[in-house]
Amino acid sequence: MKIIYTDVLIIGGGLAGLRVATGVKRRGHDAVVLSLVPPKRSHSAAAQGGMQASLANCKMGEGDNEDVHFSDTIKGSDWGADQLVARMFVHCAPKAIRELAAWGVPWSRVHRGDHSAIMNAQKVTISERDEAHGLITARDFGGTKKWRTCYTSDGTGHSMLYAMDNKAHEEEVEIHERQEAMSLIVDDGRCYGVVSRNLMSGELVAYVAKATTIATGGYGRIYSISTNAIICQGTGQALALESGIATLGNMEAIQFHPTAIVPVGILTTEGCRGDGGLLLDKDGYRFMPDYEPEKKELASRDVVSRRMTEHMRKGKGVKSRYGDHLWLDITILGREHIEKNLREVKEICENFLGIDPAVNWIPVRPTQHYSMGGIRTKYTGESQTLRGLYSCGEAACWDMHGFNRLGGNSVSETVVAGMLVAEYISDFCDSNESSMHIHSSKIESSIKEEKAKLEALLTKQNGEDAYVLRRRMEAIMMEKVGIFRNEKDLQEAVDELEELYKRSKNIEVFRSKSRAANPALVNAYRTQKMLKVALTVAYGALLRQESRGAHSREDFPERDDENWLKRTITSWPDANQTLPSVSYEEIPVESMELPPGFRGYGKDLTKHHHATHARETTVAVIREQLEKEGASRFEIQSALMPFLDKLPPKYRGTNERLGENV
Amino acid sequence: MSEIEAARTLKINILRFDPNDPNDFPHMQTFEIEESAGMTLYIVLNEIREHHDNALMFDFVCRAGICGSCSMLINGRPGLACRTLTSKMDTNITLAPLPLFELIKDLSIHTGNWMRGLNERLETWIHDKEHELNVDKLEEPMEPALADEIYELDRCIECGCCVAGCGTIQMRPDFVGAVGLNKIARYHLDPRDKRSDEEYYELIGDENGVFGCMTLLGCEDVCPKDLPLQSKIAYLRRMMLKVAL
């Protein structure tokens, strides 16, 4: 039996995981990162368009600050987000980006003087300030009041991940590649690490740690078409679920990105529309202004995806053998702009579609893209129910995105959450509370359990084919738990997924019986886990009888704050149950800085919470009073919803901007 | 491929070997696959795994040409399988793992530990011991054109194609390859990295570094990101020569 001890174990080598590892290492704790792939190949690298941080350097970002970023994020979430967490996030995003700048990310910079841009299909000239020359610039993204999305061409995630991985090297973080966490080691309500499988040799190893962090990203691959990397299979969420103790939050909150290419589902960045690209229908007609006259193509992602789907349902889609699609036109941006700022998009168009996007329109349609839900945590990143287990990044629901994430807020979340959670974990490791009390026989039995499960898969006879179950699951999720949802489809989805889940207990690995590197075995156990995750999504969606953000019910079109201003919490306490247990967590209106309102898209169908009006009045009175007294925006904010005391002391400082706090 | 044309049958020949199986030996195996529109080698290999041989090992992550996982020899030439369209190829396609890297199984190779070793050896991170960062302060300005130039070299995806396409490394296994030299060029360009020319010379001023390159330039020919490897190696060589003199 092989056991590796460390202080902090991190599952997942993307931006969030590497930032946690680097942070705890700098606080003097040992860290081991387990990763399915070399960390630089993680899905973080696929983020193209950028990272939101309210630096306010470029002309179109002038006047931006934490308050505006906060308001955009909360509205974007359709008031589903935890406002305290969102506040902590917007306060730290400028710090995180400046840290990454020092660690080597070649952020695109402001150039003084005039440059031209395309806005609302018109060429405009923007004049940048002298004093901003050389500072980090930003582009426009959907659902934001200011140009706030900082970028390196359209390879932002790649540059961030490389800088982060290099920093982790420098800090001598230990990386164990091609390791797959199979189960959490849990004893007496406390997580002590994982049993991990070496994907090359098949060896099972126990990693025992004071704190374990799941940073494995989202679960997009439970859908048949997703922009996600193929390793984004929700195994991190399944790990938490299978502990029987940890809980998941808002699993039904799934984002569809408006512009993935057809048919393969590879993303073209929101930067295409941010930089002035248009959506056109089969007649070459620009339809978004008809639906959303104000924000047009740059409405929030959930809104644009729904409008596109509506428009295609009216017969305005372009027919193809892969189903209907629409066009993304970036030809108006000009070749020079595309080759400098949208070059990954250009390469993708050339390599996968055989077209030149400076000349041809790009076939696109809404495609599964992001998991707002995940492992439910406190603001510290620790599971609400399982001590010693932490989670951050897309894997987690801490919960800053609510029911819809803004473009540019995901990579930003990874590094901010990583930065903060590293401090909270370090505090935990420094305290007596982290001392470990686990018998080695418990660790041994955890390994034996995993070994037995694998043997069963390899030796079973007349069992089920994992591929058949998985493909069916993917199709159900796509057809019945998609952009528009209704009770009939969701009920059918839950029933059939439950049936598939029962059958998955009887999976047999056909032909390929190797205990070492064996893709068939991997597919078998991952399919079992993915089915559990798919059930939490479908079941949560069935029960939520309202429309909020990306969760859109045709039979319940209103956002119902009175009954549904709450988070869906799912868990799997008994290994023999075939549906997840569901409970709800209230989102208190009384403590909101920004009380629930109308997002400004389409018709206002909100059924307000009974406490909303009172809170609006309280907020208005406090604000008016303090403004009269000449209070600063920081003092007003603090009176409405104090948050600084929750942050690690080193991140409480006020952010500098040109013309503010310098 | 138009809809009415009869679909082609592709013959996919794969070099297979499982080092974990004492009874296995390297051998070619051929699979026949019916071509479909827009088919890439990513689709081909997954179809083989799902319908013909579920033990076939290969690596894909992003399947969009940006993560560098799926580099392999495609008809003898290093390239990214995910973005190779079959429509641009003959019906007879031969796939083999990239040479020089540790073989995991079939087409799966251990580029991760090779690249990690390289990064550690060349210390590919910003060296700035003096500077204590205050994250509340405005960031240091950088000339916009310089930031763009650094990004250009930062686009390397560590796929290993340049290593597999390199003649020098066949003779000098410790040669850092174009991937390593490009990284040094990138950090040398970056004013945030305070290493001196002499310190860079210590890293690459020998035959395992910039003076080992025989200028065969297979690296530039096969780089899927079209990095300017040739001009950067030439530049580094001139610079290192100056330091040596």
Side-chain angles (χ1 to χ4, degrees), chain A residues 37-38 40-41 43 45-46 95 98-99 101-104 106-111 133-136 152-153 155 158-159 162 166-167 169-170 175 177-178 200-201 229-231 263-264 266 321 340 344 347-348 351-352 354 467 510-512 514 516-520 523 653-656 658 662, chain B residues 3 18 20-21 37-38 40 49-50 53-69 83 85 87 104-105 108 110-113 115-116 119-120 123-126 128 131 133-144 147-148 150-151 154-155 157-158 187 190 192-193:
Chain A
V37 297
K40 282 178 173 142
R41 315 228 189 278
H43 186 51
K95 303 180 199 305
R98 286 168 176 164
E99 185 176 77
W103 291 351
W107 297 108
S108 294
R109 303 284 170 150
V110 177
H111 198 294
H133 184 79
L135 297 177
I136 297 170
T152 54
S153 181
H158 166 89
S159 282
Y162 270 53
N166 292 335
K167 186 68 189 173
H169 269 290
E170 184 190 355
I175 310 273
E177 274 173 32
R178 294 186 188 258
M200 296 178 287
S201 68
I230 57 167
I231 53 173
V264 287
I266 296 171
R321 70 162 79 182
K340 178 165 179 287
E344 297 297 333
E347 275 191 17
I348 286 165
N351 292 315
F352 295 92
Y467 272 118
F510 297 101
R511 298 182 297 275
S512 177
S514 168
N518 183 352
N523 184 50
T654 308
N655 296 313
E656 277 189 9
L658 287 176
V662 182
Chain B
E3 311 240 358
D18 182 359
N20 279 303
D21 179 354
T40 61
R49 186 190 274 178
E50 190 164 342
D53 187 343
N54 60 0
L56 180 66
M57 191 81 178
F58 48 77
D59 294 320
F60 289 97
V61 179
C62 75
R63 60 80 177 88
I66 53 129
C67 80
S69 299
R83 63 179 216 187
L85 290 162
S87 59
I104 294 170
K105 186 186 172 189
S108 173
H110 210 346
T111 47
N113 66 345
M115 294 297 169
R116 185 152 291 273
N119 284 316
E120 265 154 28
E123 301 189 7
T124 56
W125 51 81
I126 298 286
D128 189 2
H131 186 210
L133 180 70
N134 180 343
V135 290
D136 298 338
K137 301 268 177 218
L138 284 185
E139 64 275 15
E140 287 287 320
M142 179 184 274
E143 269 307 308
D148 294 345
I150 295 170
Y151 174 67
D154 209 40
R155 294 178 72 242
I157 55 172
E158 297 189 0
Y187 281 94
D190 195 328
R192 296 169 292 196
D193 192 336

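Sequence lines set the chain letters: A, B, ... in the order given, protein chains first and strands last, and positions in each chain run from 1.
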Among [options], which has the most heavy-atom pairs under 4.5 Å with chain A?
options	result
N134(B), D21(B), D59(B)	D59(B)
N113(B), D128(B), I157(B), T111(B)	I157(B)
L85(B), D136(B), V135(B)	D136(B)
R155(B), M115(B), M57(B), H110(B)	R155(B)
E158(B), E143(B), E140(B)	E158(B)

Is it the side chain or the backbone of [X] that comes within 4.5 Å of chain A heavy atoms, both, or neither?
X	answer
L56(B)	backbone
D53(B)	neither
D154(B)	both
R192(B)	side chain
F58(B)	neither
T40(B)	side chain
E50(B)	both
K137(B)	both

Given heavy-atom pairs under 4.5 angstrom as the criterion, report whether the side chain, backbone, both or neither of [X] touches chain B.
X	result
H158(A)	side chain
I136(A)	both
T654(A)	backbone

In terms of heavy-atom pairs under 4.5 Å, which option from [options] contacts chain B the most?
options	answer
E177(A), R109(A), E347(A)	R109(A)
G104(A), S514(A), S108(A)	G104(A)
F510(A), F352(A), W107(A), W103(A)	F352(A)
A229(A), S159(A), P106(A)	P106(A)
P263(A), S153(A), A45(A)	S153(A)

Within-4.5 Å side-chain heavy-atom neighbours: [X] and [Y]:
X	Y	answer
S69(B)	C62(B)	no
L138(B)	L658(A)	yes
V61(B)	H43(A)	no
I104(B)	R178(A)	yes

- Note on the structure: Those residues at least two apart in sequence (or on a different chain) that pass ring-ring contact (aromatic ring centres under 6.0 Å, His included) with H133(A) are H111(A)

Do you know the tightest heavy-atom contact between [X] and [Y]?
X	Y	value
P519(A)	N54(B)	CG-O, 3.5 Å
E170(A)	I126(B)	OE1-O, 4.0 Å
R321(A)	A37(B)	NH1-CB, 3.7 Å

- Would you check if the side chain of R41(A) reaches a backbone N or O of C67(B) as a donor-acceptor pair within less than 3.5 Å? yes

- Value rounded to 0.5 Å, distance of CZ in R98(A) from CG in N655(A): 6.0 Å

- Message: Can you confirm whether the side chains of N20(B) and K105(B) place a donor and an acceptor under 3.5 Å from each other?
- Response: no

- Message: Assess, by modelled atom type and distance only, whether the side chains of K40(A) and N166(A) contain a donor and an acceptor separated by less than 3.5 Å.
- Response: yes

- E123(B): partners by salt bridge (Lys or Arg N to Asp or Glu O under 4.0 Å), with sequence neighbours left out: none

